[in-house]
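Everything on this sheet refers to the single structure shown next.
For the single chain, residues carry numbers from 1 onward in sequence order.
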Amino acid sequence: MDECALLHSGADGVIREMILTALRTGMRLGELIGLQWSSINWQNQTITVRHSMCYYSKDLISPKSNRARNIPMDVDVYEMLLRRKKDTGFVFTDATNKPLGGRRLLNDLKKVAQKVGLRPIGWHTLRHTFASHVATVAPLHALQSLLGHSSISTTMRYAHVAPSTLRSAIDALNPKTAINATFGQPVGNQSIPTIRQQRKNA
């Protein structure tokens with residue numbers, strides 16, 4: 001089983017939802033904690049990242065880039081959130097409808113990783129995994145926009161391109177091998193770095 005799917009399958013409740021959202025949107029942990037229902041556009045199926053939760057002051061602050069960004073939701077994230085749609089409040093909360101704490105979420109993620117046989121990972125590892133997936137099918141400026149980086153040089157540190165993608169780029173230059181290049185193939189047909197590789201390369 002793919003490590004992303006394995007990690008997701010080992011979780012339940014709000015942690016399961018947050019893992020899926022992190023893997024499919026690349027949002028930072030503070031952005032996930034600070035996400036509110038009013039920032040979800042159901043008609044356009046997008047999430048607008050307007051805030052981040054500060055771990056220390058417990059206040060909502062601007063995202064790291066100091067500007068809002070829109071992230072399209074894939075069908076899994078959209079349907080997951082739609083099932084418990086609300087008009088106001090935070091999206092991911094505890095039993096008392098209060099925002100979750102960063103320390104608790106870090107410990108919960110480590111427990112899930114241990115449960116499914118993975119090494120301990122942090123939420124930022126999921127952001128790196130998202131970036132590597134996107135980097136195989138989209139240009140860097142698109143990834144930069146999704147991650148909310150102000151500098152393309154920062155984005156390049158996240159984009160660990162799979163060796164098969166590099167091989168395809170070279171093969172596409174030669175008429176003898178261009179026909180076998182994998183550009184345009186579905187993501188599932190390409191080699192994508194695993195969570196373990198992300199930890200090694202991060």
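Within the 3.5 Å criterion, the main-chain N or O of Cys4 finds a donor-acceptor partner in the side chain of Asp2. Without hydrogens or angle criteria, Thr125 side chain to Ile121 main chain gives no donor-acceptor distance under 3.5 Å. Lys110 places no side-chain N or O within 3.5 Å of a backbone atom of Pro120 that could act as its donor or acceptor partner. Looking only at distances, a side-chain donor or acceptor of Ser9 sits under 3.5 Å from a matching main-chain atom of Leu6.
Every residue two or more places apart in sequence or in another chain was checked for a ring-ring contact (aromatic ring centres under 6.0 Å, His included) with His51, and none qualifies. For Ala11, the side-chain contact (heavy atoms from CB on, under 4.5 Å) partners at least two apart in sequence or on another chain are Ile15, Arg16, Ile19, Val112. By the side-chain contact (heavy atoms from CB on, under 4.5 Å) test, Ser153 is found to be paired with Ser151, residues two or more places apart in sequence or in another chain being considered. Arg28 meets the salt bridge (Lys or Arg N to Asp or Glu O under 4.0 Å) test with Glu31; sequence neighbours excluded. For Thr155, the side chain to side chain donor-acceptor pair (under 3.5 Å) partners are His149, not counting sequence neighbours. Scored by the side chain to side chain donor-acceptor pair (under 3.5 Å) test, Thr88 finds no partners at all (sequence neighbours excluded). Applying the side chain to side chain donor-acceptor pair (under 3.5 Å) rule to Ser39 yields the partners Arg50; only residues at least two apart in sequence or on another chain are considered. Checked against side chain to side chain donor-acceptor pair (under 3.5 Å), Arg84 has the following partners two or more places apart in sequence or in another chain: Glu17. Remark: Trp37 pairs with no residue by the ring-ring contact (aromatic ring centres under 6.0 Å, His included) rule, at least two apart or across chains. In this view, Arg104 and Asp108 satisfy the salt bridge (Lys or Arg N to Asp or Glu O under 4.0 Å) rule, not counting sequence neighbours.
Using a 4.5 Å heavy-atom threshold, the side chains of Leu7 and Leu126 count as touching. When side chains are defined from C-beta on, Thr25 does not count as touching Met73, because their heavy atoms never get closer than 4.5 Å. For the pair Glu3 and Leu118, the minimum side-chain heavy-atom distance is below 4.5 Å. The side-chain heavy atoms of Arg69 and Ile71, taken from C-beta on, include a pair separated by under 4.5 Å. Side-chain contact between His128 and His124 is present, with at least one heavy-atom pair separated by less than 4.5 Å. Put simply, the side chain of Asn107 reaches to within 4.5 Å of the side chain of Arg103, judged on heavy atoms. Side-chain atoms of Arg67 and Ser150, non-hydrogen and from C-beta on, do get closer than 4.5 Å to each other.
Here the closest non-hydrogen pair linking Leu146 and Pro72 is CD2-CD, 3.9 Å. Summarising the geometry of Met27 relative to Thr21, their closest heavy-atom pair is SD-CG2, 4.4 Å, with the distance given to 0.1 Å. Nearest heavy atoms, Thr136 versus His133: OG1-O, 2.7 Å. Closest approach of Leu32 to Ala22, counting heavy atoms only: CD1-CB, 3.9 Å. In terms of heavy atoms, Leu106 sits closest to Gly122 at CD1-CA, 4.0 Å.
Here CZ of Phe90 is found 9.5 Å from CG of Leu35. Values are rounded to the nearest 0.5 Å. Note: Asp59 CG to Cys54 SG = 7.0 Å, rounded to the nearest 0.5 Å. Atoms CG and CD, on Leu82 and Gln45 in that order, are 9.0 Å from each other to the nearest 0.5 Å. Rounded to the nearest 0.5 angstrom, Met80 CE and Met18 CE are separated by 10.0 Å.
Judged as a ring-ring contact (aromatic ring centres under 6.0 Å, His included), not a single pair has a partner in residues 11-36 (not counting sequence neighbours).
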Counting only pairs under 3.5 Å, give me each side-chain donor-acceptor contact of residues 91-100, with atom names and distances, residues two or more places apart or in other chains.
residue : atom : partner : partner atom : Å
Asp94   : OD1  : Thr96   : N            : 2.9
Asp94   : OD1  : Thr96   : OG1          : 2.7
Asp94   : OD1  : Asn97   : N            : 3.1
Asp94   : OD1  : Lys98   : N            : 2.9
Asp94   : OD2  : Thr96   : OG1          : 3.4

Could you check Leu60 against Ser52 for side chain to side chain contact (heavy atoms under 4.5 Å, CB included), going step by step and ending with a plain yes or no?
-> CA-CA 6 Å; Leu60 286 177; Ser52 181; over 6 Å; no
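Between Thr48 and Asn70, the side chains place a donor N or O and an acceptor N or O closer than 3.5 Å (distance only, hydrogens not considered).
Under the 4.5 Å side-chain heavy-atom criterion for grouping Ile, Leu, Val, Met, Phe, Trp and Tyr, Met53 is not connected to Ile61 through any hydrophobic cluster. Put simply, Val49 and Trp42 are part of the same group of oily side chains (I, L, V, M, F, W, Y) that touch within less than 4.5 Å, one to the next.
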